[in-house]
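In what follows, a structure is listed as structure tokens, so that the remarks can point back to it.
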Amino acid sequence: MTKLAFLGLGVMGYPMAGHLQAAGHDVCVYNRTAAKADKWAAEHGGSHAATPREAAEGADFVMACVGNDDDLRGVCLGPDGAFAGMKAGATFVDHTTVSAKVTTELYAAAKAAGLNFVDAPISGGQAGAENGQLSIMCGGDQGAYDAAEPVMNTYAKLCRRIGESGAGQMTKMCNQIAIAGLVQGLSEALHFADKAGLDGRAVVEVISQGAAGSWQMSNRYETMIDDKFEHGFAVDWMRKDLGICLSTADETGASLPVTALVDQFYKDVQNMGGGRWDTSSLFKRLSKLG
């Protein structure tokens, strides 16, 4: 049994922490809204703490899945942050999608405190978290990754170290860039089929078996056709991620014209009141336009 802490019990963190407890680990959770931590402990049998520091005390690994750069800094730093409670040699594993800048900052702060830090953003959505089938892309020291990998495998379909600190976050940016274009392409295909008087389901049944097939097509086309957009990653979070991608592209000199365009399309969805709709709602935008 390994003593663990898990910080952040959103739609991803809640089931991920549950998998760890079910695997026999001793898990203490922290959530900004204490009622959710109470609920998790009652459901899964673990414990909960009032601050990240208290949750992290004595833990071998502290896992986090929070909202953004500032949220991550908040649970890591300061007198009530996890770093202040972690024992020497312990490892902090960050599953949040954040900027490479904050990852570099926190990696250095962890090192200065005698701790390890692994950036380990995730892909697979809420269903992947609930089913323990996430793809985890990691950056950090090889030894820290090797120690943390068996813990992460509790909820992973695939877990890989891509490189040094920050490489995991850079890889997650590649993931979001690819998804943005795929979802827009699928939305346009379904929109075109509708305007051409075709049965969208029949169209997808055929084209999904060829070169056009993708995870997005297989898992989202039916809900898109049915005008249901409550089945995955929210538009508000996607815009946060694409903002990180575009900002980093400016720094690295990468050209992301399609990503920049799709980001503006997601802004249109937000203006339609769809900030909490899932990312496949790009189709709804097209439907509204005509």
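Numbers here simply count residues along the sequence, with the first being 1. None of these values were measured; they are calculated from a predicted model.
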Do [X] and [Y] come within less than 4.5 Å of each other through their side chains, counting heavy atoms only?
X: F61; Y: H25; answer: no
X: D94; Y: F117; answer: yes
X: K284; Y: K288; answer: no
X: D278; Y: E230; answer: no
X: V62; Y: T91; answer: no
X: S187; Y: M224; answer: yes
X: M63; Y: M16; answer: no
X: Q216; Y: S280; answer: no

Worked check of side chain to side chain contact (heavy atoms under 4.5 Å, CB included) between M170 and T248: CA-CA 9 Å; M170 290 293 193; T248 306; 3.7 Å; yes

Do [X] and [Y] share a hydrophobic cluster (ILVMFWY, side-chain heavy atoms under 4.5 Å, transitive)?
X: F229; Y: V262; result: yes
X: I136; Y: L4; result: yes
X: W237; Y: V235; result: yes
X: M12; Y: L7; result: no
X: V258; Y: M238; result: yes

Test: R161 cationic atom under 6.0 Å from Y145 six-membered ring centre, within 45° of axis: no

N/O donor-acceptor pair under 3.5 Å between [X] side chain and [Y] backbone:
X: N131; Y: Q133; result: no
X: H231; Y: W277; result: no
X: E57; Y: G85; result: no
X: D119; Y: G168; result: yes
X: T51; Y: E54; result: yes

Verdict with reasoning, L190 to V204, per side chain to side chain contact (heavy atoms under 4.5 Å, CB included): CA-CA 8 Å; L190 292 175; V204 171; 3.7 Å; yes

If you measure from [atom1] on [X] to [atom2] on [Y], what distance do you get to the nearest 0.5 Å?
X: K39; Y: H44; atom1: NZ; atom2: NE2; result: 9.0 Å
X: M152; Y: L20; atom1: CE; atom2: CG; result: 11.0 Å
X: T259; Y: Q184; atom1: OG1; atom2: CD; result: 11.5 Å
X: F283; Y: T223; atom1: CZ; atom2: OG1; result: 10.5 Å
X: Y221; Y: D226; atom1: OH; atom2: CG; result: 9.5 Å
X: K172; Y: H95; atom1: NZ; atom2: NE2; result: 11.5 Å

E188 atom CD: more than 12 heavy-atom contacts under 6.0 Å: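 Yes, the 6.0 Å shell around CD holds more than 12 heavy atoms from other groups.
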
Atom NZ of K267: over 12 foreign heavy atoms under 6.0 Å: no

So, for [X] and [Y], which heavy atoms are closest and what is the spacing to 0.1 Å?
X: L9; Y: A37; result: CD1-CA, 3.7 Å
X: G275; Y: A234; result: O-CB, 3.8 Å
X: I122; Y: M137; result: C-CE, 4.3 Å
X: L106; Y: F83; result: O-CE2, 3.8 Å
X: L134; Y: G125; result: CD2-O, 3.9 Å
X: C245; Y: I177; result: SG-CG1, 4.0 Å

Test applied, side-chain contact (heavy atoms from CB on, under 4.5 Å); reference residue, Q169; option that passes from T96, I244, T103: T103

Show me the side-chain donor-acceptor pairs of residues 70-81 shorter than 3.5 Å, one per line, residues at least two apart or across chains.
{"unit_1": "D70", "atom_1": "OD1", "unit_2": "R73", "atom_2": "NH1", "d": "3.2"}
{"unit_1": "D71", "atom_1": "OD1", "unit_2": "R32", "atom_2": "NH1", "d": "3.3"}
{"unit_1": "D71", "atom_1": "OD2", "unit_2": "G67", "atom_2": "N", "d": "3.4"}
{"unit_1": "D71", "atom_1": "OD2", "unit_2": "N68", "atom_2": "N", "d": "3.3"}
{"unit_1": "R73", "atom_1": "NE", "unit_2": "E105", "atom_2": "OE1", "d": "3.2"}
{"unit_1": "R73", "atom_1": "NE", "unit_2": "E105", "atom_2": "OE2", "d": "3.0"}
{"unit_1": "R73", "atom_1": "NH2", "unit_2": "E105", "atom_2": "OE1", "d": "3.1"}

Pair [X], [Y]: side-chain N/O donor-acceptor within cut-off below 3.5 Å:
X: Q142; Y: D146; value: yes
X: Y266; Y: Q270; value: no
X: Y14; Y: Q126; value: no
X: D241; Y: Q176; value: yes
X: D60; Y: T2; value: no

Geometric class of the Y155/F6 ring pair [parallel <30°, tilted 30-60°, perpendicular >60°]: perpendicular

Test side chain to side chain contact (heavy atoms under 4.5 Å, CB included) applied to R239 and Q264, step by step: CA-CA 9 Å; R239 286 215 70 210; Q264 292 306 301; 4.0 Å; yes

Residues W215, R220; criterion side chain to side chain contact (heavy atoms under 4.5 Å, CB included); working and verdict: CA-CA 8 Å; W215 186 97; R220 291 288 177 263; 3.8 Å; yes

Salt bridge flag under 4.0 Å for residues D141 and K111: yes

Steps toward side chain to side chain donor-acceptor pair (under 3.5 Å) verdict (D69, S99): CA-CA 7 Å; D69 286 21; S99 68; 2.6 Å; yes

